[in-house]
2 protein chains.
Amino acid sequence: MVPVFSQSASVPVRLTDAMRSVFVELLVHGPLSRAEVARRLALSPSALTKVTKPLIEAGYLLEAAGESPATVGRPSQPLRVDASRMAFVGIKLTEDELFAVRTDLRATIQKEVARPLAGHEIDDVRGQIADVVGELTVPGRPLSAVGISLAGTATPSDPVVHTAPFLGWSQLPLAEMVEEAVSVPTVLDNDVRALTAAQQWFGEGVGHSSFALVTVGAGIGCGVVVGDRLVSGRSGATGLVGHLQIDDRGPLCERGHRGCARAYASSPAIRRSIAAALDQPDLTFDDCLAMAAGGHPVARRVFDDAGAALGQVVATVANITGPELVVLSGETVHMYNVCAEAFQAALIRHTHWTTTPVRVVVKPFAFNEWARGAAVAALQHLLLHR
Amino acid sequence: MVPVFSQSASVPVRLTDAMRSVFVELLVHGPLSRAEVARRLALSPSALTKVTKPLIEAGYLLEAAGESPATVGRPSQPLRVDASRMAFVGIKLTEDELFAVRTDLRATIQKEVARPLAGHEIDDVRGQIADVVGELTVPGRPLSAVGISLAGTATPSDPVVHTAPFLGWSQLPLAEMVEEAVSVPTVLDNDVRALTAAQQWFGEGVGHSSFALVTVGAGIGCGVVVGDRLVSGRSGATGLVGHLQIDDRGPLCERGHRGCARAYASSPAIRRSIAAALDQPDLTFDDCLAMAAGGHPVARRVFDDAGAALGQVVATVANITGPELVVLSGETVHMYNVCAEAFQAALIRHTHWTTTPVRVVVKPFAFNEWARGAAVAALQHLLLHR
DNA sequence: CCCGATTAGTGCACCCGGTCAACGAACCGA
DNA sequence: TCGGTTCGTTGACCGGGTGCACTAATCGGG
């Protein structure tokens, strides 16, 4: 447990469980007074002075300039973590690109890099990762951890990529290899789960002990948090909703399923459907979206179907896991605007009749959100499991 | 924490967290030596003597007559819990019947009672529950807890039934009322989750940190355990797979869904389908099952469709939650025998292609299993959350 | 303007649940 | 019989957390 906070600290700090949980509470729930943290974590007030003192002395916590909330009694002295105290690099690998960001402790992006992937050969990829990490590192400030996320089966608890179909990898000890190359603790994770982690600590999931994240983009993904814990099934296989059957007469997906979720709602499928129906093979997804927004009947229908498929996916996930909230995100969430009614109708229709539909929050998506997720996955792993 | 172990103990025991976890470990994982328990719970050997001594003295643990496992070194001294040290009553309420059992600590049924429910009027039900509890109680031996389960939204953390459609109840503080009537701590729970709890501690779930239970009977139900914790969504709404859409052309359910799981696989739906097709309204479910076993084409087809629907339900649950195992149970699981192939085919077909199908275990079901589940729910609540 | 009321934070003695280290116990095989 | 090995116990000790008494800082009211 020592390594987490000793590196680059003038005063090395020996971490106790209470210190860790206080730190995480302050990191996630923003500035809070000692008294408030004590109440939340069921600790005594005296424990809190004892715990926070070394963290403040070592520079991890700051006494935030407290604006008085105008109440009786002695005003509280809010504490916050010094987000700049640590730095992380998050990397998202896709079939043909590498996105990387450097973030601080609060997952604020400080620098970003995107570049094409030279190939899928592991040595090349390792080299590119090492280059990017070097590029993102500020000389005097060592990184605390590196996170790598990809579409495939991988978990932070395990340094090997089990399968990554789009990269053609299986049983690849990527974390070890990168760790060796860059000399920084490195953590792997599934891309959707990493994104869920980011939402859990720094996004819409804050304050919810259970929620689900559903992503739309090149595919449909899903991450689940239950009892404040990010679920990862056997070898990281959770939230595989991409091929959920919507009906049995719909469009075909690349695996030969008729009417599965990704055949309806993934961006390539939407584009293909409209392009094919109109015999305009060069239409882009954005063209399609514009057409739907403009009321074009074909585009409208395809997007309505996509929205309905998404609504059914969300309802199904909610029926099974019972989250307080579902966050909708992904590269093409903005399409929600043109299919909101279809989505809501399907959500209501497929929600089990004994409950009310889940609350759904649409979370706008920036292209570097995936890489940011990887950084948060690394951060969480460092703070919780070390 | 004191109340759990002090009642009726000649020597009152003050429980620590370690004592609780050691006790549960021994309860669930059978006789184990101190050394083994210490390893499993990451405690020191000395902690174990310290923890077990008072529990042995108070009669909660016994030194089991150790059959030597023939190994080098000093033979270990297995410990086991004295299952007779506590007694529980579990009650399952259905629309028109009340099933109740008395169990020991290991959920072994010692006495059972079943009787028709006089009505849904709360005072009558409360009275009947109190009668049954009295009937099941052995004079000298007070009960440790009473568990009540029903189809509807209820959680052990909360003494009120939120909704119980088949009983026509909503927002009913049943636990308080019963507790007052019988003077024993009383816990409510959803029936499927209670059954899942029983599987988790004393059934197929033992040894698995994540698994799902899918039940077939009058309806289709599902309970989920993730990270050793039984999932209960907002107000206990989880595992609502009954109306999962299987296709969009199938039979109608009572809520007007075409082709949902319960329209295919619930026992009333199966019976109705076959009775209607053959125009023999008096056929029973067992008649139908016998016909299918005998190769009758209509019955065969209906049961195959039911099996396929179940397979799809299991695959969907597994895709989303990623359990190590799925346990198949419920009043009519025995129908699995006549539709195993259809089930397996659907399971494979709907399992996400990046993973292998979950392991499925078919668990035979006795009619008092529901009530036993309620007893386990009470036991778990007493041991973990008190 | 002072004085209780109220809430926040600190210092210090203490407690108690665990570990550590040393040892005794009970088996094996040579 | 004796070393090897694992199990279990004992007693000293350690350290994280609590309890309590105290100080700090603000408010509203007489």
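The figures that follow rest on heavy atoms only: side chains count, while hydrogens, waters and symmetry mates do not. Proteins come first, then strands; the chains are lettered A, B, ... in the order of their sequence lines, and each starts at number 1.
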Rounded to whole Å, please give me the gap between CZ in R20(B) and C1' in dG17(C).
14 Å
Sugar-phosphate only, base, or nothing, as touched by L43(A) at under 4.0 Å among non-hydrogen atoms:
sugar-phosphate
Rounded to whole Å, how long is the line connecting atom CD of E36(A) with atom P of dA8(C)?
9 Å
What nucleic acid atoms does K53(B) come within less than 4.0 Å of, heavy atoms only: base, sugar-phosphate, or nothing?
sugar-phosphate
Can you check the L79(A) CG to dA8(C) C1' distance for me, whole Å?
12 Å
State whether the side chain of R106(B) and the backbone N or O of L27(B) hold a donor-acceptor pair below 3.5 Å, judged by distance alone.
yes
Can you confirm whether E180(B) is buried at CD, in the sense that more than 12 heavy atoms of other residues, nucleotides or ligands lie under 6.0 Å from that atom?
no
Assert: residue with more 5' nearest nucleotide on DNA chain C, out of G73(B) and L48(A), is L48(A)
Residue whose nearest DNA chain C nucleotide is more 5′ - R74(B) or R34(A):
R34(A)
Atom-pair distance (NZ on K50(B); P on dC20(C)), nearest Å:
13 Å
Look at S46(A) and dG9(C) and indicate whether a side-chain polar atom (N or O) is within less than 4.0 Å of OP1 or OP2.
no
Round to a whole Å and report the spacing from CD of Q77(B) to C1' of dC27(C).
13 Å
If you round to the nearest 0.5 Å, how far is OG of S209(B) from CD of Q200(B)?
10.0 Å
Inspect the contact between R40(A) and E25(A) and indicate whether a charged nitrogen and a carboxylate oxygen are less than 4.0 angstrom apart.
yes
Between dG8(D) (P) and I56(B) (CD1): distance, integer Å
10 Å
Under 4.0 Å between any heavy atoms, over every strand shown, what does A35(B) touch: base, sugar-phosphate, or nothing? Just pick one.
sugar-phosphate
With a cut-off of less than 4.0 Å, is there a side-chain N or O of T16(B) near OP1 or OP2 of dG18(C)?
yes
In whole Å, what is the span from the CG atom of D17(B) to the C1' atom of dG16(D)?
14 Å
With sequence neighbours excluded, residues passing ring pair (Phe, Tyr, Trp, His ring centres under 6.0 Å) with H381(A)
H385(A)
Minimum-distance nucleotide (side-chain atoms of V72(A) versus dC27(C), dT19(C), dT7(C))
dT7(C)
Nearest whole angstrom, please: distance from the P of dC7(D) to the CZ of R40(B).
13 Å
